[in-house]
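Presented below is the structure to which this report refers.
Just so we're on the same page: letters track the sequence lines, and every chain starts at 1.
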There are 2 protein chains.
Amino acid sequence: MSRVDKSAIVRAAEEVVREKGARKLTLDAVAAQCGLSKGGLIHHFRTKQSLLKAMLESAIAREDAGAAACATAGGNLVVSRLSSIFELMEDDEGLPRSLIAAVAEDPALLEPVKVKEAQLRNEISSSYNDPELAQLLILAAQGMFFGRVLGVMEQGDPMLDRLRERLFTLSADLT
Amino acid sequence: MSRVDKSAIVRAAEEVVREKGARKLTLDAVAAQCGLSKGGLIHHFRTKQSLLKAMLESAIAREDAGAAACATAGGNLVVSRLSSIFELMEDDEGLPRSLIAAVAEDPALLEPVKVKEAQLRNEISSSYNDPELAQLLILAAQGMFFGRVLGVMEQGDPMLDRLRERLFTLSADLT
DNA sequence: GTTAAGATACCGACCAGCCGGTTGGTTTGT
DNA sequence: ACAAACCAACCGGCTGGTCGGTATCTTAAC
């Protein structure tokens, strides 16, 4: 076996991003963070892009888990999706922004996100009798997500809470 | 006077981004694109960041002009804003994505966007008797914008058109 | 139980290309 | 003549990736 496994490396990479920002996500930095030499790191991820991909997949998995948890807790599809988006908005500070930066520069990384999103759209289309409205609610939440994560919206703004509330009440009315 | 002015340089930079992507937006490339040496370029923009800032401001100005045009054509505030967002979504291919990448890595560039957005929120708050709903409509459009620009949503999707339509009908009902 | 052999994990020095920015000079406009 | 515009060679740091080697583990034959 190995002293470190891939998931530990991904966590280390996330840590680096959180502490130093996307621009400083360097192979040396990641290696140092998880107590590995660059050679050792490269042994696990042959290229930086593959590491980015793993980070993206990890993030997606986490978000999915959040949504699933809320879904079993009784929320409908849209409500649980909204919850997971807002949750993601709260806890991690700089990680989402950095992932956005990475993705914006390399569209190839998006593939997994794309399929997840397509799945979600299908589920919505077949679950609600006004799927467009349901879609729009999620899109609004995603808009808030980007606005918040990129720093356009202040987090202290009470407007933000009101909008969040409103989204939930609107989505509760969905059938 | 000079053979080239700042706006020409900004246009050249946009061209580079559109052709080669954000990662390849290098001072040499921009200089070459507008027939200037790197030294000559640096004479106009002392640092790369200042060039990025100019690009951002130019983009904001364009989007504002679009919204203003629609506003004088009779649309209400939200409608004109939606129009300008969708317009931006259509015409430029890789530019918005690259600007997003730049901004995500350097939050300082966001300041102008931030104030514009704050202004817009204020106007909305005092113009509609359900400002939250108006906000949500714009946020949904922005969500679509990000989804489309980052490549998560396919542009051929008929769902996209339906959502756009729906947003306009909803915003037409605003008072 | 021991050992030989192969594979896997890891190390760290090194390299080559890229890129932002500097500098010292030349041209061009007034 | 003076300044602004511009040029082109150069520098230095950073970074992704390579490479030749060592250490640790697995397997299996004896």
> Distance-only, no hydrogens or angles: does the Lys48(B) side chain make a donor-acceptor pair with backbone N or O of Leu25(B) under 3.5 Å?
Replying inline: yes

> Separation of Leu51(B) atom CG from dC19(C) atom C1', in whole Å?
Replying inline: 14 Å

> What pairs meet the ring-ring contact (aromatic ring centres under 6.0 Å, His included) rule with one or both residues in residues 9-28 of chain B, with sequence neighbours excluded?
Replying inline: none

Let me have the donor-acceptor pairs involving side chains of residues 69-78 of chain A, under 3.5 Å, with sequence neighbours excluded, atom names and distances please.
residue  : atom : partner   : partner atom : Å
Thr72(A) : OG1  : Ala69(A)  : O            : 2.8
Asn76(A) : OD1  : Val78(A)  : N            : 2.9
Asn76(A) : OD1  : Val79(A)  : N            : 2.9
Asn76(A) : OD1  : Tyr128(A) : OH           : 3.0

> Out of Glu87(A), Glu57(A), Glu14(A), which one pairs with Arg62(A) under the salt bridge (Lys or Arg N to Asp or Glu O under 4.0 Å) rule?
Replying inline: Glu14(A)

Pairs under 3.5 angstrom only: tabulate donor-acceptor contacts from the side chains of residues 110-120 of chain A to other protein residues two or more places apart or in another chain.
residue   : atom : partner   : partner atom : Å
Lys116(A) : NZ   : Asp64(A)  : OD2          : 3.1
Glu117(A) : OE2  : Gln142(A) : NE2          : 2.7

> What parts of residues 14-29 of chain B reach DNA chain D, counting only heavy atoms under 4.0 Å away?
Replying inline: none

>> Rounded to whole Å, please give me the gap between CG in Leu52(A) and P in dG16(D).
In response: 10 Å

>> Tell me the interatomic distance from Asp5(A), atom CG, to dC10(C), atom C1', rounded to whole angstroms.
In response: 15 Å

> Would you say Lys6(B)'s side chain and His44(B)'s backbone share a donor-acceptor pair under 3.5 angstrom?
Replying inline: yes

>> Under 4.0 Å, heavy atom to any atom of DNA chain D: which of residues 41-50 of chain B qualify?
In response: His43(B), His44(B)

> Of all residues at least two apart in sequence or in a different chain, which pass the side-chain contact (heavy atoms from CB on, under 4.5 Å) check with Leu88(B)?
Replying inline: Glu63(B), Phe145(B)

> Would you say Lys24(B)'s side chain and Val17(B)'s backbone share a donor-acceptor pair under 3.5 angstrom?
Replying inline: no

> Which of the following nucleotides, dG16(D), dA8(D), dG20(C), is nearest to the side chain of Lys38(B)?
Replying inline: dG20(C)

